[in-house]
Amino acid sequence: MLPIEMYQGIESAWCPGCGNFPMLKAFKQALAELEIRPENILVVSGIGQSSKFPHYVKCNTFNSIHGRGLPAATGCRLANPNLTVVVTAGDGDQYGEGGNHLLATFRRNPDITLVVHNNQVYGLTKGQASPTSEQGYQTPIQPKGVPYPPLHGLALAVAQDCSWVGRGFAGMVDHLKELYKQAINHRGLALLEVLQPCVTFNKVNTFKWYQERVYKVEESPDYDPENELWAYQKAKEWGPRIPIGVIYKNPRPIFEESFAVLAEGPLARQEIERPISKLLEDFY
Amino acid sequence: MLPIEMYQGIESAWCPGCGNFPMLKAFKQALAELEIRPENILVVSGIGQSSKFPHYVKCNTFNSIHGRGLPAATGCRLANPNLTVVVTAGDGDQYGEGGNHLLATFRRNPDITLVVHNNQVYGLTKGQASPTSEQGYQTPIQPKGVPYPPLHGLALAVAQDCSWVGRGFAGMVDHLKELYKQAINHRGLALLEVLQPCVTFNKVNTFKWYQERVYKVEESPDYDPENELWAYQKAKEWGPRIPIGVIYKNPRPIFEESFAVLAEGPLARQEIERPISKLLEDFY
Amino acid sequence: MTIDLNILIGGAAGQGVHSISAPLGKALVRHGAHVFTIQDYQSRIRGGHLFNVIRVSDAPLSSPRLGVDILVALNQETLDLHREEVSPEGIVIYDASQVKETPEGIKSLALSPDTVLPDTEAGDIAVNAGACGAILGLVNVPVAGLVSLLEETFGAKGEEVVGWNRQAAQNGHKMGKDKGHPFSLADIAKPAQPRLLIAGHEAMALGALAAGLNFISGYPMTPWTSLFTAVSQRALEWGVVVEQAEDEIAAMGMAVGASFAGARAMTGTSGGGFCLMTETVGLAAMTETPLVCVVAMRPGPSTGLPTRTSQGDLEFVLFAGQDDSPRALLAPGTPAQGYALTVKAFDLAERYQIPVFILTDQFFADSQVTCTAKDFPAVKVESAVVFGPSEGAYERYAITESGVSPRRLPGFGPELVVADSDEHTPDGHLTEDLEVRIAMHDKRLRKLKGLVQELDGVTVAGREDAGLTLLCWGSSFGPVKETLDRLQQENTPVRMVHLSELWPFPKDAVTKALQNAEKIIGVEGNATGQLNRLLRQETGITADRLILKYDGRPFTPEYILRELKGQI
Amino acid sequence: MTIDLNILIGGAAGQGVHSISAPLGKALVRHGAHVFTIQDYQSRIRGGHLFNVIRVSDAPLSSPRLGVDILVALNQETLDLHREEVSPEGIVIYDASQVKETPEGIKSLALSPDTVLPDTEAGDIAVNAGACGAILGLVNVPVAGLVSLLEETFGAKGEEVVGWNRQAAQNGHKMGKDKGHPFSLADIAKPAQPRLLIAGHEAMALGALAAGLNFISGYPMTPWTSLFTAVSQRALEWGVVVEQAEDEIAAMGMAVGASFAGARAMTGTSGGGFCLMTETVGLAAMTETPLVCVVAMRPGPSTGLPTRTSQGDLEFVLFAGQDDSPRALLAPGTPAQGYALTVKAFDLAERYQIPVFILTDQFFADSQVTCTAKDFPAVKVESAVVFGPSEGAYERYAITESGVSPRRLPGFGPELVVADSDEHTPDGHLTEDLEVRIAMHDKRLRKLKGLVQELDGVTVAGREDAGLTLLCWGSSFGPVKETLDRLQQENTPVRMVHLSELWPFPKDAVTKALQNAEKIIGVEGNATGQLNRLLRQETGITADRLILKYDGRPFTPEYILRELKGQI
Ligand SMILES: Cc1ncc(C[n+]2csc(CCOP(=O)(O)OP(=O)(O)O)c2C)c(N)n1
Ligand SMILES: Cc1ncc(C[n+]2csc(CCOP(=O)(O)OP(=O)(O)O)c2C)c(N)n1
Ligand code: SF4
Ligand code: SF4
Ligand SMILES: [Mg+2]
Ligand SMILES: [Mg+2]
């Protein structure tokens with residue numbers, strides 16, 4: 001285990017009490033326990049409160065644009081398969097603006113850990129509805145409430161054969177840390193959605209609200225994360241009881257393996273020799 | 001029943017034998033039987049072979065840009081809820097470029113019939129892989145074959161509580177016509193995916209290939225389209241047997257109903273009176 | 001102007017800076033003062049540092065200025081950061097429960113929940129309403145106006161809260177008064193007609209509503225969000241369909257669809273989101289669908305400084321989308337222009353069947369300016385849609401001299417409306433015919449000929465014979481205007497030319513305004529002089545020098561004057 | 001040139017037009033002729049009308065021209081559409097099984113499966129290879145070269161297919177020969193060095209590979225697809241990672257990510273897709289990530305004419321993305337330039353850490369030109385990345401005089417690489433500091449100063465003292481060059497100035513090239529003269545007249561000469 005201080009980033013700009021803080025703690029703890037040194041990890045993000053996350057961890061960082069963490073991260077993996085790549089995304093970032101990349105990335109199954117900070121709200125832009133906001137949730141844009149039901153990120157993942165699907169809760173740091181570790185260790189795309197209370201804007205889905213509802217799914221008598229139908233049902237369970245833990249495990253080949261050239265390591269280390277005379281042969 | 005000739009559009013530019021032709025026939029037949037006159041229907045499309053469809057039907061048409069049929073169609077419904085709105089999309093168009101709108105539209109549930117012409121290939125751009133191309137399918141861009149498995153459009157729809165989900169086959173025109181009728185009559189978002197052989201580029205998923213695999217799901221002894229789990233399993237069934245027919249029915253309120261102003265009919269017919277003195281009151 | 005007071009209220013995000021400045025500004029306007037406010041905030045929700053500045057005068061104001069007369073410090077950081085700016089006669093009001101190092105060498109007034117409202121649980125309310133009251137006390141304005149305002153504002157929160165506010169305001173007022181009146185507004189007379197205090201985006205929201213807007217779609221993005229919110233808050237009352245889209249592509253796509261089907265539609269965003277809309281700009285142009293789109297600028301490139309101001313998207317918006325396509329581009333400089341140009345945007349979009357863009361920025365969006373009802377003339381909403389039976393076959397894209405074809409809506413009669421993003425025949429179907437292509441492309445671009453006749457938006461001020469002309473556009477109007485006023489007061493002759501209607505470029509009007517200019521200095525909120533490039537491209541005229549600002553903060557007269565040193 | 005033959009091969013999509021023109025062009029080049037080909041096709045897969053034109057000469061060719069000497073009509077429509085263009089001495093070869101109305105008043109040769117390869121099931125092969133052979137027969141070129149070419153091409157399809165091709169070619173050759181040799185290429189000498197026939201996008205694919213490309217992502221879109229395909233087809237052999245993205249946003253995002261992590265990355269698209277990439281242009285600029293992006297233009301607005309040519313996206317690409325950000329923009333005019341500028345693009349991107357754009361179009365992409373190996377000089381790939389231990393703390397965005405900071409890659413040592421789309425400190429973390437903002441924005445834009453020193457790309461041809469200068473850019477090079485040659489042959493003095501490196505605008509070189517120009521006529525493939533606006537903006541110089549074309553078809557010397565009538 002490495003010292004957790006090793007991962008100290010710059011000072012955060014989050015609100016006091018934000019659910020992002022325990023996530024940060026759990027994440028650093030996970031890295032320390034996995035003994036992944038700062039220089040070997042790359043955290044990619046979009047834009048949002050959650051996307052400031054990599055600045056607060058000492059690591060390689062690519063803080064990209066709203067909704068576009070996944071394409072950038074996929075490119076990184078395709079250039080250097082030695083990097084441990086984590087994407088930290090907001091619920092708006094990934095399920096709203098970036099939804100199309102989510103669909104495609106499920107198919108690709110790159111070796112990326114995708115952490116969706118689900119606070120059921122747009123934090124950074126001051127409290128508009130996110131795709132996971134509950135129906136009826138009132139916002140400055142929808143004073144009568146969001147007119148339709150939320151998106152089911154985990155169910156989409158299962159339906160699309162995502163190779164690892166889990167949910168954590170920022171209010172349970174140790175449990176969350178273990179999930180981070182499993183997700184990072186998983187070879188392939190791991191979607192880890194974290195219930196992350198936004199203490200400033202979301203007055204409905206608070207720490208207390210989640211606390212009253214979450215349960216550790218691995219403690220269920222019928223726990224069966226390799227069973228797609230079981231996983232699908234758990235992924236859709238959202239109400240008086242909300243499951244947290246590993247919901248689906250579906251080992252599949254990773255996308256990077258389909259490129260022979262990547263077997264030789266990072267592209268930046270490979271010699272490039274392409275004699276123009278050979279290239280021209282087709283055109284005589 | 002209206003005469004089918006009423007729906008005669010301009011001459012088509014599709015390849016002879018294309019699966020789009022029987023779709024066109026079934027669609028016109030459905031309109032004729034439903035007695036929807038050309039002026040009361042609006043067909044919206046993106047860009048692709050399938051998106052030329054509305055030109056070949058006599059109707060109001062909004063042929064938009066690649067992947068963006070749904071947003072435009074949603075806007076149309078929100079301006080005039082009297083219009084019968086159908087979107088004709090390609091598999092690339094809707095599951096590739098337009099995937100994010102699909103996710104959001106499932107949630108909204110506008111009263112739109114979304115027809116995805118699934119030929120498992122990019123037709124108009126000459127045979128590249130589409131999101132539904134089978135793993136291993138060889139294309140000019142992927143000479144070794146598509147490296148990952150296809151997208152499961154119908155399973156995504158079920159997972160996201162789409163209010164009507166069905167699949168048709170261009171090789172079974174009467175069955176398809178009935179599906180068009182049901183989808184159009186359904187109040188809410190109806191996703192009708194049609195297996196539409198591309199005789200020019202897709203030499204794998206041919207009429208014959210589909211013919212050997214499709215079966216009418218409504219004839220299954222356990223047929224139960226109002227049961228989500230059953231629907232989910234059928235939506236994922238793709239192999240030696242491929243179900244066609246109505247797969248999921250999940251009646252839900254339509255999104256347009258959440259706007260009081262639309263209860264008064266099309267926006268273009270409503271008087272607008274906003275005295276500036278009233279508007280200014282907040283600012284004194 | 002005989003009075004010119006700058007009140008800076010600062011603290012951490014979440015501490016209540018707006019709760020002080022909002023009622024204070026209004027109370028001062030109701031009292032009869034002219035007020036101009038700006039907001040300066042970081043891209044964070046709690047903590048950090050933000051401030052509002054309320055400038056107060058007995059004469060009309062159009063700009064912020066440097067310097068502070070009354071500093072309200074809700075925390076230590078505010079005091080540390082702004083103490084230097086306070087004028088020697090100034091005063092510091094501070095929250096003594098937060099500020100640990102008492103300001104020295106300057107008059108000061110400590111407030112805290114304990115001193116303003118002892119023995120209550122009013123907390124922040126005490127300091128916020130107390131500071132408001134104290135400021136009014138300091139400037140010798142009766143507290144009654146503020147009290148009734150607080151009653152209006154907090155009425156819904158119950159009698160206890162209203163009571164706290166009332167009491168805190170009164171107690172604060174007394175504490176302020178006890179300090180004497182270093183700055184007195186007592187002599188300001190109430191105007192015959194009440195004035196209003198309104199921000200640029202608010203004025204545009206009213207313009208849109210007055211112009212008949214009944215559909216708005218958008219995706220949140222600072223600084224566009226304030227306009228989206230201002231409309232949405234009024235949507236239920238006025239029957240506007242509002243939809244928050246999944247992304248900007250959908251926001252624009254829905255607006256185009258809605259407009260096609262008969263709505264008076266608007267969308268908007270900021271630079272990053274506009275990137276995602278550019279494809280649909282072409283769709284609107286090609287399908288000849290009316291559309292109003294607001295682009296609220298902020299510094300880039302990329303995410304840049306999300307909550308700051310910029311004038312950096314002029315060329316981008318002008319040329320966004322593939323190939324040549326017709327559009328109009330407006331950029332208001334004041335709330336009154338914001339209102340008028342929004343109304344004009346809807347009208348041009350409707351009559352020319354094109355996308356019309358309005359460029360704003362954070363400075364314009366958030367700055368409140370004192371206006372009168374006359375700045376907001378009533379609007380007659382006119383539709384250019386054709387209803388009723390047609391003579392002969394209907395062609396959506398009939399070739400006409402003006403480039404504009406009679407527009408019908410789908411579903412309102414037997415005429416079919418066929419629209420296509422591909423090049424198309426007059427009846428809307430796709431074609432690859434060479435002649436039709438040329439005719440259609442010409443037809444679309446011909447609209448610019450009519451459009452340019454309707455544009456002008458050139459405001460000229462100052463001395464005709466001045467050797468120096470300041471050229472600016474959009475939100476820089478106010479700071480440049482005040483620069484001009486100050487120079488004229490010093491008897492330095494100077495002129496200004498401000499453009500608010502930028503495309504199709506009003507060549508004739510601009511050339512006329514600039515033809516006798518001896519020396520032109522461009523003033524722009526970007527790093528390269530985008531308007532100046534456009535000017536040269538369109539007229540051959542080019543500025544002799546540029547005064548540029550791209551630190552995300554608005555121009556001030558002081559900044560411009562400093563840059564002008566040696567030029568006059 | 002003493003020989004100038006135009007061979008037009010037309011039919012419905014799917015009939016085999018390419019199967020005739022591809023081997024024919026190659027065979028003629030191997031024979032020693034100069035060949036220039038164009039493709040004209042509709043946005044459909046089967047049916048409709050498409051044609052290729054193969055122009056053949058004994059002298060170098062750079063342009064298509066009007067007129068037809070040999071018309072190959074695979075169907076009636078081709079005959080009907082192009083009969084008029086055939087010169088009186090011309091000849092029509094037609095597929096008698098498809099063409100029902102025999103051409104009259106002109107020499108003709110009927111082919112059909114039955115006459116070329118009776119009693120086989122060769123079908124289309126008979127007519128396709130037969131027509132190839134017939135043309136060689138007509139122009140008096142031995143058939144052996146064609147036969148071995150067909151053997152190479154169809155070898156993989158088995159002996160039967162090869163045999164049919166061989167036989168059909170020989171039979172066709174005889175049939176052609178029997179018509180006599182209205183046009184003889186017999187005197188053309190084989191060049192000392194073999195020549196090659198290559199299209200613009202193919203040359204760029206080679207340039208990219210030679211420059212060390214090892215990552216390409218894209219989404220299909222005509223005419224960009226041909227470049228994406230040309231690279232992908234060679235990817236396995238040369239170790240290039242290829243990914244077809246879900247949309248253009250992802251295509252560009254992946255390329256930026258890959259480049260950040262150390263790949264030499266490229267992406268591309270056409271106008272509509274580029275709209276979706278514009279946000280990521282800013283990301284690349286802000287994070288200072290090298291990137292080569294090809295924008296293959298086609299007529300718009302919006303979907304427009306998807307398979308046609310255009311020069312309409314110059315301003316769009318130049319100003320795409322919010323606020324001012326550094327970039328370079330190149331636009332090759334010939335395959336040789338396409339190769340060289342692609343190599344240059346990778347080099348500039350790498351050294352300046354910016355996005356570099358290459359503008360092409362359908363005409364450039366698909367036109368094959370006869371070249372020699374000398375047009376494709378070997379490339380030494382140089383990386384500007386820093387490896388190895390650092391001295392002191394590593395700052396990704398260290399402020400430097402050139403604006404370029406030492407670039408490291410994540411995961412290659414203890415130095416952390418922190419990149420951010422927000423405004424950031426030298427070590428990459430987000431900041432709202434005003435001074436840092438100014439310093440960073442200046443630093444980024446400072447790169448343009450170095451860049452402009454490296455650009456030139458001004459080709460001047462013709463008589464220095466000519467009264468008339470034709471100004472053009474990108475793919476119009478060839479047609480303008482031939483216009484010049486023809487005018488000079490008639491002893492009309494004329495000059496041309498062609499620009500292939502457009503941003504940062506090489507002001508000095510262009511001003512120098514144009515300073516003595518008496519009359520400038522701009523030749524551009526768009527409706528408004530985009531280069532001319534840029535020229536005026538950057539230099540104050542403006543064309544006296546514009547010759548514009550926006551019907552989706554390439555310029556021809558005939559078109560330009562016609563438009564020039566009365567101007568010289
Ligand atoms: C293209 C684009 N659109 C919009 C924005 C504005 N924006 C910044 S963050 C954000 C949403 C934040 O919500 P979420 O992703 O849920 O993250 P959170 O702040 O809640 O962690 C938005 C809309 C942007 N930066 N870029
Ligand atoms: C933004 C954008 N990207 C790419 C294209 C090019 N394009 C046109 S159609 C098409 C895909 C066609 O495939 P699909 O949607 O499956 O329709 P099909 O032709 O197979 O019916 C593509 C990529 C485009 N028009 N616009
Ligand atoms: S706004 Fe919400 S999500 Fe953002 S930092 Fe504050 S509490 Fe956290
Ligand atoms: S390419 Fe395929 S999908 Fe397109 S028209 Fe031809 S057969 Fe149909
Ligand atoms: Mg969120
Ligand atoms: Mg398809």
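Every value quoted in this text rests on a predicted model; they were computed, and no experiment measured them. Every chain is numbered from 1 and lettered A, B, ... according to where its sequence line falls, protein lines coming before strand lines.
The part of C/Arg195 that comes within reach of chain B is its backbone (N, CA, C, O), which places non-hydrogen atoms under 4.5 angstrom from that chain. In this structure, chain B has heavy atoms under 4.5 Å from both the backbone and the side chain of C/Phe376. Contact of B/Leu267 with chain C is made through backbone and side chain together, with heavy-atom distances under 4.5 Å. At a 4.5 Å heavy-atom cutoff, the contact between C/Ala378 and chain B is made by backbone and side-chain atoms alike. In this structure, chain B has no heavy atom under 4.5 Å from any part of C/Ser383. Using a 4.5 Å cut-off between heavy atoms, C/Glu152 makes no contact with chain B at all. The parts of C/Leu206 that come within reach of chain B are both its backbone and its side chain, each placing non-hydrogen atoms under 4.5 angstrom from that chain. For B/Pro38, the parts lying under 4.5 angstrom from a heavy atom of chain C are both the backbone and the side chain. The part of B/Leu83 that comes within reach of chain C is its side chain, from C-beta onward, which places non-hydrogen atoms under 4.5 angstrom from that chain. Of the two parts of C/Asp422, only the side chain, counted from C-beta on, holds a non-hydrogen atom closer than 4.5 Å to a non-hydrogen atom of chain B. Proximity to chain C is limited to the side chain of B/Ile47, based on heavy atoms less than 4.5 angstrom apart. Of the two parts of C/Gln368, neither the backbone nor the side chain holds a non-hydrogen atom closer than 4.5 Å to a non-hydrogen atom of chain B. The part of C/Arg234 that comes within reach of chain B is its side chain, from C-beta onward, which places non-hydrogen atoms under 4.5 angstrom from that chain. Neither the backbone nor the side chain of C/Val379 comes within less than 4.5 Å of any heavy atom in chain B.
Between B/Phe21 and B/Trp14, the two ring planes are perpendicular [angle over 60°; tilted spans 30° to 60°]. In this pair, C/Phe260 and B/Phe62 present their aromatic rings tilted. The plane angle is within the 30 to 60° band.
Under the 6.0 Å distance and 45° angle rule, B/Arg269 counts as a cation-pi partner of C/Phe387.
Interface check for chain B: of the options C/Ala235, C/Ser259, C/Gly253, the most heavy-atom pairs under 4.5 Å are formed by C/Gly253. Listed options C/Val385, C/Val29, C/Leu213, C/Leu409 were ranked by heavy-atom pairs under 4.5 angstrom with chain B; first place goes to C/Leu213.
Residues B/Arg187 and B/Glu257 are paired through a salt bridge, judged by an N-O separation under 4.0 Å between the basic side chain and the carboxylate.
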